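Written below as structure tokens is the structure these notes are about.
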Amino acid sequence: MDYQFRTIEQKWQQYWKDHASYQVSNQCEKPKFYVLDMFPYPSGAGLHVGHPLGYIASDIYARYKRLKGYNVLHPMGFDSFGLPAEQYAIETGQHPATTTANNITTFRNQLDKIGFCYDWSREVRTSDPGYYKWTQWLFLHLFNSWYNRRAGKAEPLTTLTDAFASAGSDGAGYLQPGIPPFTATDWQQYDHKTQQDILMAYRLAFSTYGEVNWCEALGTVLANDEVVNGLSERGGHPVVRKKMRQWYLRITEYADRLLEGLETVQFSEPMKEMQRNWIGKSQGAEMSFAVAGQPEGTTIKVYTTRPDTIFGVDFMVLAPEHELVAQLTTAGQRAAIDEYLGYVESRSERERMSEVKQVTGCFTGAYAINPLSGRQIPIWIAEYVLAGYGTGAIMAVPCGDQRDHSFAEHFAIPITNIIGSHYNGHEANPTKDAILEKSGFLNGMLMKDAIGFAIDRLEADGIGQRKVNYRMRDAGFSRQRYWGEPFPITWQDGVAVAMDASALPLELPFVKNYGPGPEGEGPLANITEWTTQGSHRRETSTMPGYAGSSWYFLRYMDPHNTNSFCDRAVSDYWGQVDVYIGGTEHAVGHLLYSRMWTKVCFDLGLIGFDEPFRKLVNQGMIQGSSRFVYRVRETRQFVSAGLKDQYETDRIHADVNIVDGVELDTAAFRQWKPEYADATFILEDGKYICGVETEKMSKSKYNTVNPDVLVEKYGADTFRMYEMFLGPVEMSKPWDTKGIEGVHRFLRKLWRLFFDETKGRVWVDVPATDAEQKILHKTIRKIEGDTENFSFNTAVSAFMVCVNELAEANCHKKDILGPLLVLLTPYAPHISEELWQVLGNTGSILDAAYPVLDEQYLAETEKEYPISVNGKVRTNIRIATDLKQADVEQVVLNNEVVQKWLEGKPPKRIVFVPNRMVNIVI
RNA sequence: GCCCGGGUGGCGGAAUUGGUAGACGCAGCAGACUCAAAAUCUGCCAUUCGCAAGGAUGUGCUGGUUCGAUUCCAGUCCCGGGCACCA
């Protein structure tokens, strides 16, 4: 009786289905545990071996926690709105709902074969109206809330209107830019539109103008992804940045709480670091520079973290989009400025930030006046200053900032050195440790100390004030697209009106054509019968991908509730996600957005916790390992990699699935594509050897490996363990199918501990020896520790070691094998169930008790110590573990190898680290 | 360009966080079983010098700290991820 994995896996998958083994209740005596995967976007390409890496890891952990006695919530769903489906619709005319549903079916089938313990009764799909009803509902909460800075939390807008009515603009506690101060009476007398415009400046979800990538030729707004070198990916048409009305989430109000919240969660330090950098909190000063020859009140505001360098300012740079550019530009410079503005319009933000080789800019002709020194300095515009950062203007200090320095050199602007010998004349020095020179009242001060001193002076003189700045900007929340959640908003006379929550969901209407609407609006703008609602017009943008994914973890808790997005009692029971597993590519975007939504929900009393994910585990990417064949130019002859340099060849991707390691299956290659049917091969040593390169796993590179194929060939248990065996979950690594045999052999070897090919049953029910118990308990300790630490690759090797040792010891005893199976269940659930049943157990192993470590089997009395001389290991000696240092020294010095190295000299020192090593220094 | 991560045998990786570098597996080589093959089992397997015993070198590169560094520090090169409309 051999290991029939296909039969076994089908049998148990059916059993789990029939017994609803993975269905989880919201009421349970046991402590709860919530294990969550980042749900996938169901792409048309189906699942490849990279996807399940994190899913297997979380599945192992979820199963482990269940064995440890927890009520484990482990759901899965689909992030099913998104650009690719819409793009596919444009190309093929098929409705995204149809293709998405098909893709989900494919994903589901693939996932099912791997034997995950998901509770599929809780599946969510973000594109399902029953789901996005609640996304819209939450959007309305964001729209109808503002951030009360005094209270430090979001509140319903009614508290703001009440405050305005009783105290005017002071009632809010802060004035938004562009809103003039007003009294309570003013407020009451304002017309509806004025009031609404003011409220819009406070709403957590708000609409204003923002820049998009506009492609005139395609008549559409493009994603950054669709723009390559300033041209559209499709068609290569020019792309410029254009202002359009957009929706935003006021995430900046949460900047501090998003920072503070990081202290309460278990994310890796680099992950926290990335989020902190994204938020980019800095302390500094905002100050105003007057402009020579301009009316009083025309000032340029700059934000700087280094007010100590104020006397080193040699010029100012405005963002080309800065509102004062037109006003300041002198007649003589107008033509040059206009030309430069045309250039900048074609540059993406990314290009503008990363440009270092080529310095560009243009002089406006105007001069600003340094408020402290009175010096006049030229005002330039340059692409490296972005309108959205700080005030959109900087004071340039060439001796302290390299970009300013390059700019000054390039345009021959004289550089003032305020840091004496710390500046070498060739490159900027951003030090804070120099003593200031040529700096007026700051002369002789250490720069560090001068920062605060300078700000005090700015405040005293009324020129500027202390200011905390954030690099993070409010999050763009609208897309000029079809396949996303429609906004539950209509517009009337320029005022956004929220739909009544009772009318939700606002369903996405069917369209026939996915082309853009007029003026760059989304496809919905073409359906006038949908957009026209009496005197109102519906918002035609849709929400971005992260809308649905910002709160999905809550919906899993209560997925079928039609009265609430998630019942409060249920979210109180499940609480935070205990472990969240997903890729680092989501390190910032998705995590910050869902953290913000959670905080808003918390502030509004919808849930009882304000951080969604207690612990985050990052999974590395699985890269593709591409294989290449070399076609001799203008022939149908292919030459093996080792001989390719003797010919002029073209490199062509070969499908990794027809290559064994690096050896091409030439017959399969001929059948792969009609054009290769009559291919001939120039071999080396009788083989065709392929070239190898690690690239992103992608269909177009023919380096994707479908898990179905591997599951079919080796079984789900082998596949699961092999994915884990590849290396640490959090590290990226190339996929290579070659090693999977080893894991499969391990499972067969395990099987042979129970059954022999010829003898049949070999397992026995007799008491185990201490030596056998030691093998087991060593394994218990290792597996439990590794599983807790998400070190699944070392756990798999520990299983291998254990089975090797049991085979060596000829141990087939139930006492040992039973607990071993329980340890193995999370990793290889099918074979464990089968063998558990073989051992005579009734019921599923899913609910077995996790083995308990018994230390008595692990006690050691002796250890083999490595003996080093000057740090180099020279020999090993067995030494009793309880021996004291003096005795150890005696033993070691008596050793002949040690004596040989000592050459009769006395040692200078002997380092003895109990249970580790001995080092003799001579 | 900026931020984050990673570089260890032919390959994936291990190393109790400063204490025997290369566990486990793949590939390879040699052998056993077999008519043969598959499966299985045994042995070898970083580089280099040496018949051997044994020695030297070795964790991207250059330095430093230490009795001792894959591990800590400084610098540097290469690769991957993110940079706000891919998800």
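Throughout, a chain's letter reflects where its sequence line sits, starting with A, and its residues are numbered from 1. From a predicted model like this one, the values you see are computed outputs, not experimental measurements.
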Distance between the C1' atoms of G63(B) and A69(B), in whole angstroms? 14 Å
Atom CZ of R909(A) and atom C1' of G19(B) are separated, to the nearest Å, by 13 Å
Which sits closer to the 5' end of RNA chain B, T584(A) or Y593(A), going by the nucleotide each is nearest to? T584(A)
Touch class at under 4.0 angstrom, heavy-atom based, for N804(A) against every strand present: sugar-phosphate
Carboxylate-amine/guanidinium proximity below 4.0 Å for R916(A) and E864(A): no
How does each nucleotide of nucleotides 40-50 of chain B score, in 5' to 3' order, for protein heavy atoms under 4.0 Å: base (B), sugar-phosphate only (S), or none (-)? SS---------
Protein-nucleotide distance (E585(A), atom CD; G81(B), atom C1'), rounded to Å: 8 Å
When we call it a touch if two heavy atoms are under 4.0 Å apart, what does Q246(A) touch: a base, just sugar-phosphate, or nothing? base
Once you apply the 3.5 Å cut-off to both distances, tell me the Watson-Crick or G-U wobble partner of G31(B), or none. C41(B)
Any base atoms under 4.0 Å from E730(A), or only sugar-phosphate, or nothing? Heavy atoms, all strands. nothing
Parallel, tilted or perpendicular: ring planes of H48(A) versus H51(A), cut at 30 and 60 degrees: tilted
Tell me the interatomic distance from F799(A), atom CZ, to G25(B), atom P, rounded to whole angstroms. 15 Å
Under 6.0 Å between the ring centres of F799(A) and Y827(A)? yes
Quote, to the nearest angstrom, the P distance that separates C29(B) from U47(B). 15 Å
Identify the nucleotide, in any strand shown, that forms a Watson-Crick or G-U wobble pair with A14(B), with both distances under 3.5 Å; if there is none, say none. none
For I867(A) and C67(B), give me the distance from atom CD1 to atom C1', rounded to whole Å. 14 Å
With ring centroids as reference points, do F477(A) and Y546(A) lie under 6.0 angstrom apart? yes
Can a donor-acceptor pair under 3.5 Å be found between the side-chain atoms of N919(A) and the base atoms of C67(B)? yes
All pairs passing salt bridge (charged side-chain N to carboxylate O under 4.0 Å, His left out) where residues 718-741 of chain A contributes a residue, at least two apart: D59(A)-R720(A), D660(A)-K738(A)
Heavy atoms only, 4.0 Å cut-off, all strands: where does S478(A) land among base, sugar-phosphate and nothing? base
Glycosidic conformation of G9(B), syn or anti, with 90° from 0 as the boundary? syn
Using a heavy-atom cut-off of under 4.0 Å over every strand shown, decide if V873(A) touches base, sugar-phosphate, or nothing. sugar-phosphate
If the C1' atom of G22(B) is compared with that of U70(B), how far apart are they to the nearest Å? 11 Å
Could you work out, with side chain to side chain contact (heavy atoms under 4.5 Å, CB included) as the rule, every residue matching V911(A), not counting sequence neighbours? R909(A), V913(A), N919(A)
By salt bridge (charged side-chain N to carboxylate O under 4.0 Å, His left out), which residues pair with E539(A), not counting sequence neighbours? none
Kindly give the atom pairs (protein nitrogen or oxygen, nucleotide nitrogen or oxygen) under 3.5 Å for nucleotides 71-74 of chain B.
none

Report the residues that fulfil side chain to side chain contact (heavy atoms under 4.5 Å, CB included) with V588(A), sequence neighbours left out, ordered by chain and then residue number. M274(A), W278(A), L592(A)
Looking only at side-chain N and O atoms, does W901(A) come under 4.0 Å of OP1 or OP2 in G55(B)? yes
Residues in salt bridge (charged side-chain N to carboxylate O under 4.0 Å, His left out) with E86(A), at least two apart? none
When the distance from CZ of R352(A) to C1' of C2(B) is rounded to whole Å, what number comes out? 16 Å
Calculate the interatomic distance between Y865(A) atom OH and C67(B) atom P; express it in whole Å. 22 Å
Just checking K872(A): base, sugar-phosphate only, or nothing, at a heavy-atom cut-off of under 4.0 Å? sugar-phosphate
Which pairs, protein N/O on one side and nucleotides 11-18 of chain B N/O on the other, fall under 3.5 Å?
residue	atom	partner	partner atom	Å
G12(B)	O2'	L726(A)	O	2.4
G13(B)	O5'	L726(A)	O	3.4
G13(B)	O3'	N793(A)	ND2	3.4
A14(B)	OP1	N793(A)	ND2	2.7
U16(B)	N3	R916(A)	NH1	3.0

Pairing partner of G1(B), by Watson-Crick or G-U wobble and under 3.5 Å for both distances, is C83(B)
Within this structure, what is the CZ-to-C1' distance between R874(A) and G55(B), rounded to whole angstrom? 8 Å
Pick base, sugar-phosphate or nothing for V227(A), based on heavy-atom distances below 4.0 Å to the nucleic acid. nothing
Nearest-Å distance once atom C1' is located in both U16(B) and G10(B): 29 Å
Got a donor-acceptor contact below 3.5 angstrom from the Q480(A) side chain to the P516(A) backbone? no
Sidechain N-carboxylate O distance under 4.0 Å for R352(A), E321(A): yes
Listing request: all salt bridge (charged side-chain N to carboxylate O under 4.0 Å, His left out) pairs with a residue in residues 267-280 of chain A, at least two apart in sequence or in separate chains. E263(A)-R276(A), E269(A)-R276(A), E273(A)-R276(A)
Does U57(B) pair with anything, Watson-Crick or G-U wobble, both distances under 3.5 Å, and if so, with which nucleotide? A46(B)
Can you pull out the residues from residues 268-276 of chain A that lie within a 4.0 Å heavy-atom distance of RNA chain B? P270(A), E273(A), M274(A)
Using a heavy-atom cut-off of 4.0 Å across all strands, would you classify V801(A) as base, sugar-phosphate, or nothing? sugar-phosphate
What's the closest nucleotide to the N277(A) side chain, out of G80(B), C85(B), C4(B)? C4(B)
Taking the same atom, C1', in G54(B) and in U59(B), what whole-Å distance lies between them? 24 Å
Side-chain N or O of R473(A) less than 4.0 angstrom from OP1 or OP2 on A84(B)? no
Can you establish whether the number of heavy atoms outside Y88(A) located under 6.0 Å from its atom OH is more than 12? no
Sequence neighbours excluded, which residues qualify as salt bridge (charged side-chain N to carboxylate O under 4.0 Å, His left out) partners of E862(A)? R878(A)
Rounding to a whole Å, what distance do you find between M621(A):CE and G80(B):P? 10 Å
Do the ring planes of Y865(A) and F912(A) sit parallel (below 30°), tilted (30 to 60°) or perpendicular (above 60°)? tilted
Looking only at side chains, do S282(A) and N469(A) share a donor and an acceptor under 3.5 Å apart? no
For a quick check of understanding: with a heavy-atom distance under 4.0 Å over all strands, which category does E864(A) fall into, base, sugar-phosphate or nothing? base
What contact category does V221(A) fall into here, base, sugar-phosphate, or nothing, at under 4.0 angstrom with non-hydrogen atoms? base
Between A87(B), C24(B), C67(B), spot the one nearest the side chain of V921(A), thanks. C67(B)
Across all chains, not counting sequence neighbours, the side chain to side chain contact (heavy atoms under 4.5 Å, CB included) partners of W901(A) are V869(A), R874(A), V897(A)
